[in-house]
Amino acid sequence: MSTNQTWTRAIDVADAASNETPVTFMQTSVEDAEVQAHTRSVRVENSMVSGWVPAFRVFGVTRESLSVCAHVHGFLPYLWCATPEHAMLLASERQLTQFTKVLNSIVSEKAEKAVVRVESLARRSVMHHSRDASGVAHLKITLQRASHIAKCRRALLCVENFKSLGLTLPFDLYEADVDCTLRYMVDTGTVGCAWATAPAKAYVLRTAETRETRCAIELDVDHTKLIAHDASVPPYDGIAPLRVLSFDIECCAKEEHFPHPDVDPVIQIASVLAEVPERHEMRRVYTLGSCANIPGATVVACDTETALLRAWSVDVIAADPDMIVGYNVQNFDIDYLLKRAANLRVDDFALFGRVRRKRVESKEATFSSKAMGTRKNMRATVDGRIVLDVMQIVQTEHKLSSYTLNHVSERFLMERKEDVHHSMIAKLHRGDRTTRQRLAVYCLKDALLPVRLLRKLMIIFNLTEMARVTGVPLSYLLHRGQSIKVFSQLLRRANVAGMLLPTHERSAEGEGGDGGVAYEGATVLDAKAGFYEVPIATLDFASLYPSIMRAHNLCYTTLVPRGREHEYAPDELTVTPTGDRFVRSHVHRGLLPAILDDLLTARKRARALIKTTEDPTMRGVLEGRQLALKLSANSVYGFTGATVGKLPCLPISASTTAFGREMIDETRRFVLQEYTVANGYSHDADVVYGDTDSVMVRFGCADVTEAMRLGALAADRVTTLFPKPVQLEFEKVYHPYLLMGKKRYAGLMWTCADRHDKLDTKGIETVRRDNCALVRRTISEVLRRVLLKRDVQGSVRYVQERVRDLLAGRVDISELVITKGLTRDVSDYATRSAHVELAVKKRKRDAATAPRVGDRVPYVILRGHKADKTYELAEDPNDLRAARERMDTVEW
DNA sequence: GAGCCGACCTAT
DNA sequence: TTAGATAGGTCGGCTC
């Protein structure tokens with residue numbers, strides 16, 4: 001049904017000259033910007049002196065796949081503050097005016113008037129329970145520009161500034177750390193990737209003379225007029241037809257060197273223009289020098305590199321993609337093209353964004369979190385288009401031992417790249433039109449694979465639904481962490497209820513500084529290690545932490561500060577195992593439990609809907625949604641425990657884990673006490689292991705069916721011991737079960753008694769990325785022989801054989817490659833280790849190809865002398881050729 | 001060689 | 001300016 005099966009995107013709009021019809025589009029990005037004001041169309045509050053006004057550019061796509069840019073006007077940034085002394089401050093209008101004047105003088109520069117207004121409004125903080133639901137006076141300070149927020153924030157924190165008003169205590173700040181884009185979205189009730197409508201007559205279309213972007217439809221609209229649609233129900237729960245341009249470049253480097261943009265030319269670029277969710281694709285390849293035809297692709301042969309770069313850029317503009325994708329495009333391709341174009345003075349090259357006069361830029365950005373480690377990346381800003389690097393998505397979503405396109409394609413698509421070795425590129429380029437064709441086919445394949453991955457991994461559905469569920473713009477999902485998503489949901493919920501989020505001031509030397517443990521986590525039951533030949537039933541609490549928070553109403557808004565408990569009757573409070581107190585639901589239902597209720601009921605609804613949905617696109621959307629809902633629910637607990645986050649609240653997180661510890665203990669106790677010979681069962685049950693939310697029970701019976709029956713009954717009985725919505729579920733049986741120790745086991749998994757599902761392995765070498773393939777495969781085969789074939793002797797023989805192979809040099813190098821993550825800058829390591837030493841060596845050889853922070857470093861250990869340290873013997877298997885004979889086959 | 005600790009990665 | 005949590009196994013380097 002696509003209307004755009006041509007390379008050039010449609011820009012002709014029937015009603016282009018008027019605003020008689022509403023414009024409805026799915027928003028893909030929201031950017032704060034300065035736009036040219038057209039006084040006839042825009043009512044600008046406190047109208048600025050110049051013709052440029054702050055606004056939001058909302059980019060999107062219509063159902064007909066037309067691109068849209070809405071310049072949304074009139075929304076002003078703000079923050080809140082309050083002070084213990086504010087009663088005095090607010091006593092009179094006069095004092096408020098004076099306060100405004102003082103603040104303005106600090107925040108404003110030159111002739112501008114930064115503080116637009118200060119209002120005193122009744123609000124309450126989300127922190128701690130309060131009987132007074134209506135709140136007390138807080139000051140809402142509205143500012144002219146987003147850049148004023150930080151200045152204003154600093155000004156308010158300095159008491160000196162307000163001495164003349166008689167103030168002696170600093171202000172408490174609220175929502176001073178909310179990004180202006182998120183602020184706009186929250187206040188206008190719009191979520192990421194939502195549909196929006198500019199109603200007829202409520203907007204002004206830009207004309208050829210006033211256009212700032214290359215979108216098919218460009219309009220100005222006031223923020224109060226643009227309608228935000230609910231993305232969770234029809235007809236605005238679908239996905240617009242997006243244009244995705246995937247590309248890959250080839251460079252011609254001096255032999256055996258990594259290409260450098262100062263000297264090495266770009267010789268080919270391949271573009272694949274795909275329509276998503278449709279399956280239609282168009283292919284173009286740009287070559288330096290002639291190139292033989294390629295079936296199914298358009299070949300654009302260029303005489304010079306300048307012409308090549310220009311042709312590609314012009315075609316991107318014509319295609320007008322909503323997304324630019326590729327594999328490692330952020331760190332390599334885009335940056336390389338920009339540098340190359342700058343060196344060659346192809347001035348118009350960088351103008352392939354949607355905003356006409358703005359150039360595409362690439363800057364370094366670092367991201368670090370405990371979960372992901374540190375990562376340094378280049379990041380390109382292409383105004384109005386989303387840059388989506390499939391490599392980065394795969395890195396955050398999947399734990400793999402290698403993230404090369406080859407490896408990832410094989411893993412997910414069962415498809416390999418066209419194999420052209422690096423050293424061949426220059427030769428093929430310098431050959432003739434046929435060899436260049438061979439190279440072009442290779443290049444095209446590398447542009448096509450990211451599109452295939454995008455589809456296979458349902459990346460667009462998943463991102464779209466995550467943006468909708470959590471309310472953040474799509475770009476946040478690509479460049480920011482987990483906590484912004486919870487923060488967005490909390491902010492929305494709080495504001496609707498007339499509550500404010502305190503701005504968390506992080507202390508310079510905070511408690512629990514990095515590395516330290518701030519609070520106690522889950523219980524891991526001692527493992528009764530052994531090989532179990534009778535079925536082991538696994539009972540799991542469903543969504544344990546979300547359930548606990550809902551069951552006990554744990555929230556910022558329900559927490560009773562120490563010393564204030566006497567204000568409550570005993571039946572109004574829950575005292576948690578950590579001694580913290582929270583009011584019960586009947587006093588006030590917390591925001592976090594309410595968010596969790598909604599997420600989990602919405603997930604049930606989405607899952608039910610999948611079953612009745614035929615349309616594959618809508619199924620994809622729903623799958624993405626149920627996944628987003630589940631992930632969101634699970635990250636709420638982590639948000640409250642994130643001591644370096646936006647709003648940590650350890651009483652909540654510590655109470656949650658403490659309840660969890662009690663529950664796993666109580667479950668264990670119940671099973672041991674109830675399932676006994678004395679109570680009429682055939683055996684005394686035993687709990688052989690358990691971790692956080694699960695217990696592994698040996699009921700003693702030899703039969704899988706019987707273990708399942710007992711497991712299901714036991715789960716139901718245990719469930720009755722706990723408040724709703726806590727639920728213990730019987731999930732599976734392991735038979736047989738090999739328990740090595742805590743967090744290390746393997747077993748044949750049965751979810752129905754007819755046949756086993758699979759061999760499930762946890763924590764053992766086979767599932768760890770820091771072992772070489774030989775170790776993983778050998779142990780994997782041992783587990784298969786022991787658990788599946790029940791052949792212990794055979795597995796011993798197998799291991800002996802593999803050892804003999806190794807000693808005899810019959811094991812391929814590829815099986816001996818170890819990979820480890822480079823988790824920090826090489827200078828920050830306290831001890832020496834193989835992968836770090838190798839990273840240092842490689843940097844000395846060629847900085848461009850050396851591993852960077854966040855990369856995985858593959859290495860093998862070479863044969864050495866007794867005195868050699870192992871870590872000094874690491875070598876990159878790719879650099880090995882000459883050193884192959886020296887490899888120490890024993891060292892693995 | 002014992003024992004401690006840093007580093008990595010995984011379980012939940 | 002930015003960052004979900006803690007528990008815990010294994011390995012190798014380092015110190016004595």
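Computed from a predicted structure; not experimentally measured. First the proteins, then the strands, lettered A, B, ... as listed; each starts at 1.
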Checklist entry - Near DNA chain B, which residues from residues 686-698 of chain A have a heavy atom under 4.0 Å away? => result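 Correct list: Asp691(A), Thr692(A), Asp693(A).
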
Counting any heavy atom closer than 4.0 Å, what does [X] reach on the DNA or RNA strands: base, sugar-phosphate only, or nothing?
| X | result |
| --- | --- |
| Thr823(A) | sugar-phosphate |
| Ser635(A) | nothing |
| Lys485(A) | nothing |
| Arg768(A) | base |
| Tyr545(A) | nothing |
| His479(A) | nothing |
| Val767(A) | sugar-phosphate |
| Gly741(A) | nothing |
| Gly641(A) | sugar-phosphate |
| Arg661(A) | nothing |
| Val524(A) | sugar-phosphate |
| Thr831(A) | sugar-phosphate |
| Arg375(A) | nothing |
| Ser833(A) | nothing |

Item to check | 5' priority, DNA chain C, between Thr523(A) and Ser368(A) [closest heavy atom] | outcome: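 The residue whose closest nucleotide sits nearer the 5' end is Ser368(A).
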
Next on the checklist: Let me spell it out: for each of Gly645(A) and Tyr519(A), pick the nucleotide of DNA chain C with the closest heavy atom. Which residue's pick is nearer the 5' end?
Outcome noted: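 Its nearest nucleotide lies further toward 5', so the answer is Gly645(A).
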
Mind calculating the distance between [atom1] ([X]) and [atom2] ([N]) to the nearest angstrom?
| X | N | atom1 | atom2 | result |
| --- | --- | --- | --- | --- |
| His835(A) | dG13(C) | NE2 | C1' | 13 Å |
| Phe639(A) | dT6(C) | CZ | C1' | 18 Å |
| Arg379(A) | dT1(C) | CZ | C1' | 11 Å |
| Lys646(A) | dT1(C) | NZ | C1' | 10 Å |
| Asp770(A) | dG12(C) | CG | C1' | 12 Å |
| Glu520(A) | dG8(C) | CD | C1' | 14 Å |
| Gln482(A) | dT2(C) | CD | P | 16 Å |
| Leu477(A) | dG4(C) | CG | P | 12 Å |

Item to check | Salt-bridge criterion met for Glu465(A) and Arg468(A) (N-O under 4.0 Å) | outcome: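 Yes, Glu465(A) and Arg468(A) are salt-bridged.
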
Next on the checklist: Check Lys732(A) with Asp757(A), please: is the shortest side-chain N to carboxylate O separation under 4.0 Å?
Outcome noted: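 Salt bridge flag = no for Lys732(A) with Asp757(A).
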
Checklist entry - Quick one: is the NZ or CZ of Arg824(A) closer than 6.0 Å to the six-membered ring centre of Tyr829(A), and within 45° of its axis? => result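 Output yes; distance and angle both within limits.
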
Item to check | Start and end of the DNA chain B segment that chain A contacts, any atom under 4.0 Å from a heavy atom | outcome: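 Footprint of chain A along DNA chain B, 5' to 3': dG6(B) to dT12(B).
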
Checklist entry - In terms of ring plane angle, is the pair Tyr745(A) and Tyr689(A) parallel, tilted or perpendicular, where the classes change at 30° and 60°? => result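 Taking Tyr689(A) first and then Tyr745(A), their aromatic rings stand perpendicular (interplane angle over 60°).
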
Item to check | Minimum-distance pair of heavy atoms, taken over all atoms of Lys485(A) and Val472(A) | outcome: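 That would be CA-CG1, 4.2 Å.
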
Next on the checklist: Testing the basics here: between Thr470(A) and Ser488(A), what is the closest heavy-atom pair and its distance to 0.1 Å?
Outcome noted: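 Shortest heavy-atom separation between Thr470(A) and Ser488(A) comes out as O-OG, 2.6 Å.
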
Under 4.0 Å between a side-chain N or O of [X] and OP1 or OP2 of [N]?
| X | N | answer |
| --- | --- | --- |
| Lys370(A) | dA5(C) | yes |
| Tyr476(A) | dA3(C) | no |
| Lys743(A) | dG8(C) | no |

Options [options], nucleotide nearest the side-chain atoms of [X]:
| X | options | result |
| --- | --- | --- |
| Ser369(A) | dG8(C), dG4(C), dC11(C) | dG4(C) |
| Glu765(A) | dA7(C), dG4(C), dC11(C) | dC11(C) |
| Tyr871(A) | dT6(C), dG4(C), dG13(C) | dG13(C) |

Mind listing the side-chain donor-acceptor pairs of residues 759-766 of chain A below 3.5 Å, one per line with the distance, residues two or more places apart or on another chain?
{"residue": "Asp760(A)", "atom": "OD2", "partner": "Tyr734(A)", "partner atom": "OH", "Å": "2.6"}
{"residue": "Glu765(A)", "atom": "OE1", "partner": "Arg744(A)", "partner atom": "NH2", "Å": "3.4"}

Item to check | Side-chain donor-acceptor contact under 3.5 Å, Thr578(A) with Asp580(A) | outcome: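 Yes, a side-chain donor-acceptor pair sits under 3.5 Å.
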
Checklist entry - Taking only residues two or more places apart in sequence, or in another chain, which ones meet Tyr556(A) in a ring-ring contact (aromatic ring centres under 6.0 Å, His included)? => result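 Here no residue qualifies.
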
Next on the checklist: Which residues pass the salt bridge (Lys or Arg N to Asp or Glu O under 4.0 Å) test with Glu815(A), not counting sequence neighbours?
Outcome noted: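 For Glu815(A), the residues satisfying salt bridge (Lys or Arg N to Asp or Glu O under 4.0 Å) (neighbours in sequence not counted) are Arg777(A), Arg802(A).
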
Checklist entry - More than 12 non-hydrogen atoms from neighbouring residues, nucleotides or ligands closer than 6.0 Å to NZ on Lys841(A), yes or no? => result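 Enclosed: over 12 neighbouring heavy atoms sit under 6.0 Å from NZ of Lys841(A).
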
Could you pull out every donor-acceptor pair under 3.5 Å between side chains of residues 690-697 of chain A and any protein atom, sequence neighbours left out?
{"residue": "Asp691(A)", "atom": "OD2", "partner": "Lys743(A)", "partner atom": "NZ", "Å": "2.8"}
{"residue": "Ser694(A)", "atom": "OG", "partner": "Asp691(A)", "partner atom": "N", "Å": "3.4"}
{"residue": "Ser694(A)", "atom": "OG", "partner": "Asp691(A)", "partner atom": "O", "Å": "3.3"}

